[in-house]
Trainee: 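Have a look at this one.
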Amino acid sequence: MSALVTSAGDLRRLVVRDLRRELRVLDGLIVNAALPVIIMLLFVYVFGGAITTGSSGLSYIDFVVPAVLLMSGGYGAALSAVNISEDLTGGMIDRFRTLPISGWVVPAGHVVASVVRNVASSAIALLAAILLGFRPDATLIDWALVLALVAGYVLAMSALAVVWGLLVSSTQAAGAFSFAVLFLPYVSDGIVPAETMPGVLRDFAYNQPATPIIETLRALLLDRPVGSSGAVAAAWLIGAVVISVPVAALLFRRRTAA
């Protein structure tokens, strides 16, 4: 119990350290605040007039908001790969090794800080959507589930990003993970209806993790039936976390064993 309390305190301090580091980087703060708004403006005003929402019958802003929430939170979560890579290559890990802290606390600190930071980024995107005319019909329970789903997505992407950052040997390679995370919502039922895509892309869109998550968010925000998409989304997110967390711990021990 004493060791658990000590590790929890170490984790809290590392989370605060990661958040403070972000606050000191002005360009990072501007990107985190402006990117969700820019993405929302881009899709609503540039693409929105040319895209129909198919059989859903929704206005485009109602259709696209869930995808933008994932893009806003997911992009920042993917940068966890860069953050832990910088720690590994910049000498910070050598300093941590001189301290009496558990090794798993370092990657866990990056993940927890990422969840806090990028859930806030998704909230900015949602606020921008409301200012642009989005009118959710969610109940209080629906809002709680929306928060849990967005936080779960950011948690899963952050954990996967840490795994990637520990696998590659440079911060440049670590940054490539963000492109993969941004790609998923584009080839899903989030930006355009998947039913309008050609065969191979349509099959991929219906069977990749972003689609059930987006469909669940859309149903919750607009107070519609969730159907089976909620269980599928939860399975994808839980599976990603269950696999990536122990893999990240193992990779971190191997990278720092020498």
Side-chain angles (χ1 to χ4, degrees), residues 4 7-8 11 15 65-81 83-84 102 104-123 125-126 138-167 177-178 180-190 194 203-221 224-253:
L4 181 61
S7 294
L11 177 61
V15 170
V65 163
V68 175
L69 294 182
L70 290 196
M71 293 174 70
S72 300
Y75 175 77
L79 295 180
S80 298
N83 292 337
I84 197 164
S102 300
W104 64 269
V105 172
V106 177
H110 282 287
V111 171
V112 175
S114 174
V115 172
V116 174
R117 183 174 61 249
N118 294 299
V119 168
S121 179
S122 295
L126 181 60
T139 64
L140 185 61
I141 295 176
D142 291 337
W143 279 116
L145 292 174
V146 167
L147 176 60
L149 193 57
V150 172
Y153 178 76
V154 174
L155 173 63
M157 292 300 102
S158 301
L160 290 170
V162 167
V163 170
W164 176 255
L166 292 169
L167 281 172
F177 187 76
S178 61
V181 174
L182 280 176
F183 173 77
L184 283 179
Y186 281 102
V187 191
S188 71
D189 196 43
D203 292 341
F204 176 78
Y206 281 134
N207 293 282
Q208 57 116 327
T211 290
I213 298 171
I214 289 170
E215 290 177 345
T216 303
L217 283 174
R218 190 178 291 138
L220 292 171
L221 288 169
R224 293 184 165 202
V226 173
S228 61
S229 63
V232 177
W236 273 111
L237 296 179
I238 293 172
V241 173
V242 168
I243 292 172
S244 58
V245 167
V247 171
L250 177 63
L251 289 173
F252 185 80
R253 284 197 298 269

Trainee: Hey, are the side chains of S72 and V68 touching, using non-hydrogen atoms and a 4.5 Å cut-off?
Mentor: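 When only atoms from C-beta onward are counted, V68 and S72 do touch, with a gap below 4.5 Å.
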
Trainee: Where do L69 and A125 come nearest, in terms of heavy atoms and distance?
Mentor: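 Smallest interatomic distance, heavy atoms only, reads CD2-CB, 4.0 Å.
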
Trainee: Just verifying a value: how many Å separate N83 CG and H110 NE2, rounded to the nearest 0.5 Å?
Mentor: 6.0 Å

Trainee: Specify the closest pair of heavy atoms between V247 and I243, including all atoms of both residues, with the distance to one decimal.
Mentor: CG2-O, 3.1 Å

Trainee: State the OG-CG distance between S244 and L160, to the nearest 0.5 angstrom.
Mentor: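 Atom-to-atom, S244:OG and L160:CG are 4.5 Å apart.
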
Trainee: Distance-only, no hydrogens or angles: does the S122 side chain make a donor-acceptor pair with backbone N or O of N118 under 3.5 Å?
Mentor: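 Judged by distance alone, yes, a pair lies under 3.5 Å.
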
Trainee: Drop me the distance from L184's CG to M157's CE, to the nearest 0.5 angstrom.
Mentor: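 These two atoms lie 7.0 Å from each other.
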
Trainee: If we ignore hydrogens and angles and just use 3.5 Å, is the side chain of T211 paired with the main-chain N or O of A205 as donor and acceptor?
Mentor: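 Confirmed, T211 side chain pairs with A205 backbone.
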
Trainee: Give me each pair satisfying salt bridge (Lys or Arg N to Asp or Glu O under 4.0 Å) with a member in residues 205-220, each pair once, sequence neighbours excluded.
Mentor: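 Qualifying pairs, neighbours excluded: D189-R218.
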
Trainee: What side-chain donor-acceptor pairs closer than 3.5 Å can you find for residues 140-150, not counting sequence neighbours?
Mentor:
residue	atom	partner	partner atom	Å
D142	OD2	T139	N	3.1
D142	OD2	T139	OG1	3.1

Trainee: Might you point out which heavy atoms bring S188 and A210 nearest each other, and give the distance in Å?
Mentor: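 Nearest pair, atom of S188 first, then A210: CB-CB, 4.1 Å.
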
Trainee: Quick check for you: to the nearest 0.5 Å, what is the distance between L182 atom CG and Y75 atom OH?
Mentor: 7.0 Å

Trainee: Listing request: all side chain to side chain donor-acceptor pair (under 3.5 Å) pairs with a residue in residues 146-163, at least two apart in sequence or in separate chains.
Mentor: S114-S158

Trainee: At their closest point, which heavy atom of L221 faces which heavy atom of P66, and how far apart are they?
Mentor: CD1-CG, 4.3 Å

Trainee: What residues form a side chain to side chain contact (heavy atoms under 4.5 Å, CB included) with A161, not counting sequence neighbours?
Mentor: S80, A81, F177

Trainee: Enumerate donor-acceptor pairs with a distance under 3.5 Å from any side-chain N or O in residues 227-239 to protein atoms, sequence neighbours excluded.
Mentor:
residue	atom	partner	partner atom	Å
S229	OG	T216	OG1	3.1
S229	OG	V226	O	2.8

Trainee: Say you draw a straight line from CD of Q208 to CD1 of I214; how long is it, rounded to the nearest 0.5 Å?
Mentor: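 Going from CD on Q208 over to CD1 on I214, the span is 7.0 Å.
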
Trainee: Sort and list the pairs that fulfil salt bridge (Lys or Arg N to Asp or Glu O under 4.0 Å) and have at least one residue in residues 153-164, not counting sequence neighbours.
Mentor: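 Not a single pair qualifies under salt bridge (Lys or Arg N to Asp or Glu O under 4.0 Å).
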
Trainee: Shortest non-hydrogen contact from V187 to F204?
Mentor: CG1-CD2, 3.5 Å

